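Contents: one structure, followed by commentary.
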Protein chains: 2
Amino acid sequence: MITLDLNLIAAHLEGLEETIIHRLIDRAQFASNPDAYRPGHSGFRGAGGKSLFDLRLRYQEEMDAAFARYLVPEERPMHHDLPPPRREAQLPTTPLEIDDMDRVNVTPQIVRGYLEFLPRLCDVGPGDDGQHGSSVEHDVLAIQAIARRVHYGALYVAESKYRSARDLYAPLLAAGNREEILRTITRPEVEERILRRVSQKVDYVQATINTAVRRKIDREVVLGLYRDLIIPLTKEGELRYLFNRRVTGSSDSRSGTP
Amino acid sequence: MITLDLNLIAAHLEGLEETIIHRLIDRAQFASNPDAYRPGHSGFRGAGGKSLFDLRLRYQEEMDAAFARYLVPEERPMHHDLPPPRREAQLPTTPLEIDDMDRVNVTPQIVRGYLEFLPRLCDVGPGDDGQHGSSVEHDVLAIQAIARRVHYGALYVAESKYRSARDLYAPLLAAGNREEILRTITRPEVEERILRRVSQKVDYVQATINTAVRRKIDREVVLGLYRDLIIPLTKEGELRYLFNRRVTGSSDSRSGTP
């Protein structure tokens, strides 16, 4: 059984930060390359109006679908018409109480927000270094790391909070009081701690970078990504989870606190 | 034109070190999971005697082939029956003097060496945490980063060294004196510097890791990978490049020193 201990969930989220930072640094080694995101400029035969980025995301998700990635709750795809898994994967029992994980899927918002953020990450401006293939390859890896963090937080933090304060959440959900629920799930001191820790990590992992051979990224840029995209979308996912959580049936009659 | 300045080539190789280290750290978050490498245990329908690792590498290379990755000299695939690129990619003119880049391809040795090294990286021993899909996904990313470093070094360092000492190399090559060429391309002081720098980086990039939430890797393990696999295979690739370099024709009549 996967844990619903809020401290262990927070620890897992913390452990995902390095991967996000590493992948952003890898992407930042290339220019922003706007043509790689322009519809119809992929250079692919028969790709119609898709961009090279669109195609890379599609290919990656088709491959990952074959490997059963999207059976994992926190791995949510951008596409909804992916081929079925070719692999039988063993998954641990989930403590989540939701019938369709994709009710929580905020991948479209992650992709949109990431692409808006990209010019700040590749801070040489709207440059083109010709490395379009490498750029979109690293984009997709970065987006997957961000999406894993957002959806893991959305699902498990929401279920954990709900179970520890069922009497608080149940009436708010019944009344559809989105605003008050958002206020209740928001913990400003935790958000502050995450932002401080992430921006410190950005500097630490780059402490020995030889800037003559490798581009450095700005802690403020990553801090902005967490503040404006990752944290708000995690909370949006939490709200979606709570509003789509099973409220009747035997599964809800269990003890309220884990 | 891509540079043949040995200092700039060395700088590029240095810039690839962080990516290798980051990907090894990402892989080390999972157990060694030996079943993911056992033939016939992939869980894939119709996969015959392949392992999950074999399949992931195959899928990844098929996708990358479609995106024209293997038109880039230093990107050498493991498979030789990949589909043709679906994309028209613009590549810079190459200063390399070899007809078939795959004469230098040491990917099979890289994969074999990496898999032997894996239990030391995932130092919890021959454990199984059930995360086979994530394990092989990160394996393939790590192998690609290592292979890029090895082949970039093999190709460009060898051409650069050849051009700067054509009178030295040409007779040794004509005589097939492999041993003496190996001695000539070996620079122990450069190797020592790389090993020292890489092992320092392993500690620096992990300086803020909270070991309660994320597994740390040992600098000695990465040092061993560089000393026993990456550096020797780069030199093996250099030898292959030199022995397959074009020796006649107009392309060889250019000035000897860059």
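What you see below is based on every heavy atom in this structure, not just the backbone, and it leaves out hydrogens, waters and symmetry mates. What you are looking at is a predicted structure, and each value in this text was computed from that prediction instead of being measured.
- Counting heavy atoms from C-beta on, the side chains of Val213(A) and Glu18(B) never come closer than 4.5 Å.
- Considering every non-hydrogen atom in both Ala207(B) and Tyr204(A), the closest pair reads CB-CD2, 4.3 Å.
- Of all heavy-atom pairs spanning Thr19(A) and Asp26(B), the tightest one is OG1-OD1, 2.9 Å.
- A donor-acceptor distance shorter than 3.5 angstrom exists from the side chain of Arg45(B) to the backbone of Pro85(A), with no hydrogens or angles considered.
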Query raised in the report: Step by step, would you call Thr208(B) with Gln200(A) a side-chain contact (heavy atoms from CB on, under 4.5 Å)?
Result: CA-CA 8 Å; Thr208(B) 53; Gln200(A) 281 171 353; 5.7 Å; no
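- Contacts between Glu137(B) and chain A at a heavy-atom distance below 4.5 Å involve the side chain alone, from C-beta outward.
- Looking at Arg214(A), its side chain does come within 3.5 Å of a backbone N or O of Gly15(B) through a donor-acceptor pair.
- Ranking Glu75(A), Gln60(A), Gln206(A) against chain B, the residue ahead of the rest is Gln60(A), based on heavy-atom pairs under 4.5 Å.
- Proximity to chain B involves both the backbone and the side chain of Leu55(A), based on heavy atoms less than 4.5 angstrom apart.
- The parts of Arg56(B) that come within reach of chain A are both its backbone and its side chain, each placing non-hydrogen atoms under 4.5 angstrom from that chain.
- The aromatic rings of Phe67(B) and Tyr59(A) stand perpendicular to each other, their planes meeting at an angle above 60°, with 30° marking the opposite boundary.
- Atoms CZ and OG, on Arg148(A) and Ser134(B) in that order, are 6.5 Å from each other to the nearest 0.5 Å.
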